Amino acid sequence: MADDKYSQRVRGKMASTGRSKKADRMRKMNSKETLRGEDHDYGAVFVEGPTSVNATDLEVGENVELGSSKPWFQGRRVVELDVLARSMNCEKCSSWLRLSDIKDEVIYGMASFLYISCPSSACQHISLVPTGKKSNGKGFDINYKVCLAMINAGMGPSHVNNFLTGCNIPPVDASTLRKKQKELAPVIIEAAEASCKEAQREELECSECSELEGSFDAGWQKRGSGWSYNSHTGHASLIGINTGKVVEFDVRTRNCSICQYYIGKNEPKPPHECNVNWTGSSKGMEPDMACSMIQRLAEDGYTVGTLHADNDATTQSRLPRSIIKKDDKTHVKKNLSKRLYGLSKNYKQLKSAKVIPYIVRCFMYTISKHQNSKQSMKTELATIVPHIFGHHEQCSPTWCTYVKDPTKFRFKHLPNGKALSGDKLREELDKLAQNYIERADRLLNLGSTQSNESFNNSVASFAPKNRFYGGTKSLKARVSSAVMQKNEGYGWLSKVNKNSLLSPGHLTILHGIRKDRRRKQIRKTQSTTNFKRKRLTIK
């Protein structure tokens, strides 16, 4: 009968007898404040010292199956030694307890309660011993920290359990991790928004005028195939040029897991906080996020004067006309490479591994060299194609060594050290060069979205593109984590711990400091000329 299997409702749903009894025990333990833990200054209250809880009050004999029938002795456990040491005394006679006298264990995520029998023959009382701290009115701290660690590592509930079971540690129920993630998501998002507001203030202080200058770019959580771009989610960032910090970010999603669940069952959707905030195309997310971020900055009293972005015409048309738009140097290079690789399908000389990168370097070197002079840029762009085809009459001796010794001159990056040939190929490259000569005015004072591309890589580490987190607030929490890491460094996790009324974690702080120090060393090394030359050689 259904009445035998399901005894009562737990969280609004009919639950099995075992689950309902477990919920009853947890409610009684919360009401009696049976847990002891270390006191700290983050708003959480812990009960110090032993608290008398009789086995009869917890219905140990009735609800808990004591004895060796349950494999409590199997596997490994995560235990807070300080909490366990201060709880290892009998609640009735204060005698010291022994782990060898454990009768049973009730697991709650990564923590558990140990039922330990008093070794005194005159007492034999069964005491309840927690293996970790528990905040007042909340669950075990370790379960919240596992959820934060899951986000920080870019994993999901299944990946966490794969790791735990591989270490022979009891897995955490996926619903427990999702519940904790739902509670922590607003805290992470709020911390990221506060970090952005601080970055806005710093950027304005570093700016030479009263307006902000930033770089904008968007990213999507699904890879485009080259002809199909249908990601359900996307994110965007606006990064200050002077500080390199995220001053504003946004997320768009077309999916809600609750709506999808009830639509699949053909049932009416209950009232809930729907996760959907976009119904248009994936490509339409980018201009919408750009406009919304600039509008929010204006509401906070900040004006964007100059914006570095790609050559997306839709985004440019929707921006306020007062904003000065700078083309992105990285996207100019990408578009040039794309056109050359398109030509390589018809011309075999371009298929050599070094030819197209060499042509791209010639164009980009000229564009970067003449950022303040339109006429000199046009003049030198016109000499690139003749130089590649072996005509050096107009070449400048500052970058072409043919003038110094014509007899020994050889191309380092062209096949066999010889110039390219072919009238049709030269005609196509002349058309390409002429196109850039005509838009020389747009190539002046180029901006850069390289910091935004770096941020997109960070987002991909928190929310990998082969997994979907856009049906809940999990995606925005993961994007917010990337914002915190960009602005605050790897110590962001300790700050979120404090905001969540958890201890910051001594080892967490030390690991963040080491990671930040390592990142500074890598940046310093990668900025050297020798490193860049070696990287180019490896390519």
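Since we're looking at a predicted model, the values are computed, not measured.
Checked for salt-bridge contact, D441 and R439 miss the test: no charged N lies under 4.0 Å from a carboxylate O. Electrostatic pairing of R296 and E299 does not count as a salt bridge here, judged by no charged N lying under 4.0 Å from a carboxylate O. Ion pair K245/E203 not flagged as a salt bridge, since none of the NZ, NE, NH1 or NH2 atoms sits closer than 4.0 Å to an Asp/Glu carboxylate oxygen.
Within 6.0 Å of NZ on K354 lie no more than 12 heavy atoms contributed by other residues, nucleotides or ligands. No more than 12 heavy atoms of other residues, nucleotides or ligands lie within 6.0 Å of CZ in R518, so this atom counts as exposed by the packing criterion. Heavy atoms of other residues, nucleotides or ligands lying less than 6.0 angstrom from CZ of F531 number more than 12. Around atom CD of E273, no more than 12 heavy atoms belonging to other residues, nucleotides or ligands sit under 6.0 Å away. Atom NZ of K369 has more than 12 heavy atoms from other residues, nucleotides or ligands within 6.0 Å. For CD of Q450, the number of neighbouring non-hydrogen atoms (other residues, nucleotides, ligands) closer than 6.0 Å is 12 at most. Residue-environment remark: NE2 (H392) exceeds the threshold of 12 foreign heavy atoms within 6.0 Å.
In this model, a donor atom of one side chain and an acceptor atom of the other lie less than 3.5 Å apart for T407 and D405. Under the 3.5 Å distance criterion, with hydrogens and angles disregarded, no donor-acceptor pair is assigned to the side chains of Y302 and E211. Side-chain polar atoms of N230 and S282 form no donor-acceptor pair below 3.5 angstrom. Side-chain contact annotation: S368 with K329, donor-acceptor N/O pair under 3.5 Å present. Side-chain contact, H370 with S376: a donor N or O sits under 3.5 Å from an acceptor N or O. Side chains of S474 and T472: a donor-acceptor N/O pair is absent below 3.5 angstrom, by distance only. Side-chain N/O atoms of K532 and S527 include no donor and acceptor closer than 3.5 Å. If you check the side chains of E488 and S195, you find a donor sitting under 3.5 Å from an acceptor.
Annotation: side chain of K182 is not in contact with side chain of R178 (no heavy-atom distance under 4.5 Å). L307 has its side chain out of reach of S215: every pair of non-hydrogen atoms, C-beta onward, lies at least 4.5 Å apart. The shortest distance between side-chain heavy atoms of W278 and T253 does not fall below 4.5 Å. Between I188 and L148, some side-chain heavy-atom pair lies under the 4.5 Å cut-off. Using a 4.5 Å heavy-atom cutoff, the side chains of Y436 and V332 are in contact. Contact check for N152 versus S481: no side-chain heavy atoms found under the 4.5 Å cut-off. Taking the side chain as every heavy atom from C-beta outward, P397 and Y402 never approach each other to under 4.5 Å. Counting heavy atoms from C-beta on, the side chains of K351 and K345 never come closer than 4.5 Å.
Between H387 and W399, a ring centre-to-centre spacing shorter than 6.0 Å is recorded.
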Could you go through W220 and M285, starting from their C-alpha distance and side-chain angles, then the distance that decides it, and tell me whether this counts as side-chain contact (heavy atoms from CB on, under 4.5 Å)? CA-CA 9 Å; W220 289 265; M285 294 178 182; 3.8 Å; yes
For side-chain contact (heavy atoms from CB on, under 4.5 Å), just list the numbers for L446 and D328, CA-CA rounded to whole Å, side-chain angles, deciding distance to a tenth of an Å, and then say yes or no. CA-CA 6 Å; L446 287 176; D328 173 34; over 6 Å; no
Evaluate side chain to side chain donor-acceptor pair (under 3.5 Å) for K133 paired with S503, printing each intermediate quantity in order. CA-CA 10 Å; K133 295 194 294 288; S503 60; 4.5 Å; no
Could you walk me through whether E205 and R201 pass the salt bridge (Lys or Arg N to Asp or Glu O under 4.0 Å) test, one step at a time? CA-CA 6 Å; E205 290 178 354; R201 186 187 61 79; 2.6 Å; yes
Full working for side-chain contact (heavy atoms from CB on, under 4.5 Å) between L429 and F389: CA-CA 10 Å; L429 293 180; F389 281 83; 3.7 Å; yes
Test log, rule side-chain contact (heavy atoms from CB on, under 4.5 Å), inputs E213 and K326: CA-CA 10 Å; E213 182 176 358; K326 286 187 178 182; 3.7 Å; yes
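At least one test fails for R478 against the ring of F462: distance under 6.0 Å to the centre or angle within 45° of the axis.
Judged by distance alone, the side chain of T176 and the main-chain N or O of V172 form no donor-acceptor pair under 3.5 Å. Using modelled atom types, no side-chain atom of R410 and backbone atom of K418 make a donor-acceptor pair closer than 3.5 Å. Judged by distance alone, the side chain of S207 and the main-chain N or O of L204 form no donor-acceptor pair under 3.5 Å. Under a 3.5 Å cut-off, the side chain of S237 and the backbone N or O of I239 do not form any donor-acceptor pair. Q371 places a side-chain N or O within 3.5 Å of a backbone atom of I367 that can act as its donor or acceptor partner. The closest donor-acceptor contact from the side chain of H511 to the backbone of T508 lies at 3.5 Å or more, if one exists at all. K404 places no side-chain N or O within 3.5 Å of a backbone atom of F409 that could act as its donor or acceptor partner. Side chain of D288 to main chain of G284: no donor-acceptor pair is present (N/O by atom type, distance under 3.5 Å, no hydrogens or angles). Remark: the backbone N or O of N255 is paired with a side-chain donor or acceptor of N275 at under 3.5 angstrom. Looking at Q349, its side chain does come within 3.5 Å of a backbone N or O of S421 through a donor-acceptor pair.
Between K374 and A440, the closest heavy-atom pair is CG-CB, 4.2 Å. In terms of heavy atoms, A191 sits closest to M484 at O-SD, 3.4 Å. In this structure, I388 and F411 approach most closely via the heavy-atom pair O-CZ, 4.2 Å. Closest of all the heavy-atom pairs between A218 and E286 is CB-CG, 3.7 Å. Scanning all heavy atoms of the two residues, the minimum distance from P157 to L177 falls at CA-CD1, 3.7 Å. Between L414 and A419, the shortest heavy-atom distance links the atoms CD1-CA, 4.1 Å.
Of the inter-residue distances, the one linking T233 atom OG1 with F468 atom CZ reads 5.5 Å to the nearest 0.5 angstrom. Separating the CG atom in N457 from the CG atom in N452 is a distance of 11.0 Å, to the nearest 0.5 Å. Rounding to the nearest 0.5 Å gives a distance of 13.5 Å between NE2 of H232 and SG of C256. For the atom pair CD1 (I294) and CD1 (I323), the distance works out to 3.5 Å, reported to the nearest 0.5 Å. Between atom CE of residue M377 and atom CG of residue L381 there is a gap of 6.5 Å, rounded to the nearest 0.5 Å. From S175, atom OG reaches atom NZ of K180 across 10.0 Å, with rounding to the nearest 0.5 Å.
Considering Q221, R252, K476 in turn, Q221 is the only one that fulfils the side-chain hydrogen bond (donor to acceptor under 3.5 Å, both in side chains) rule with H235.
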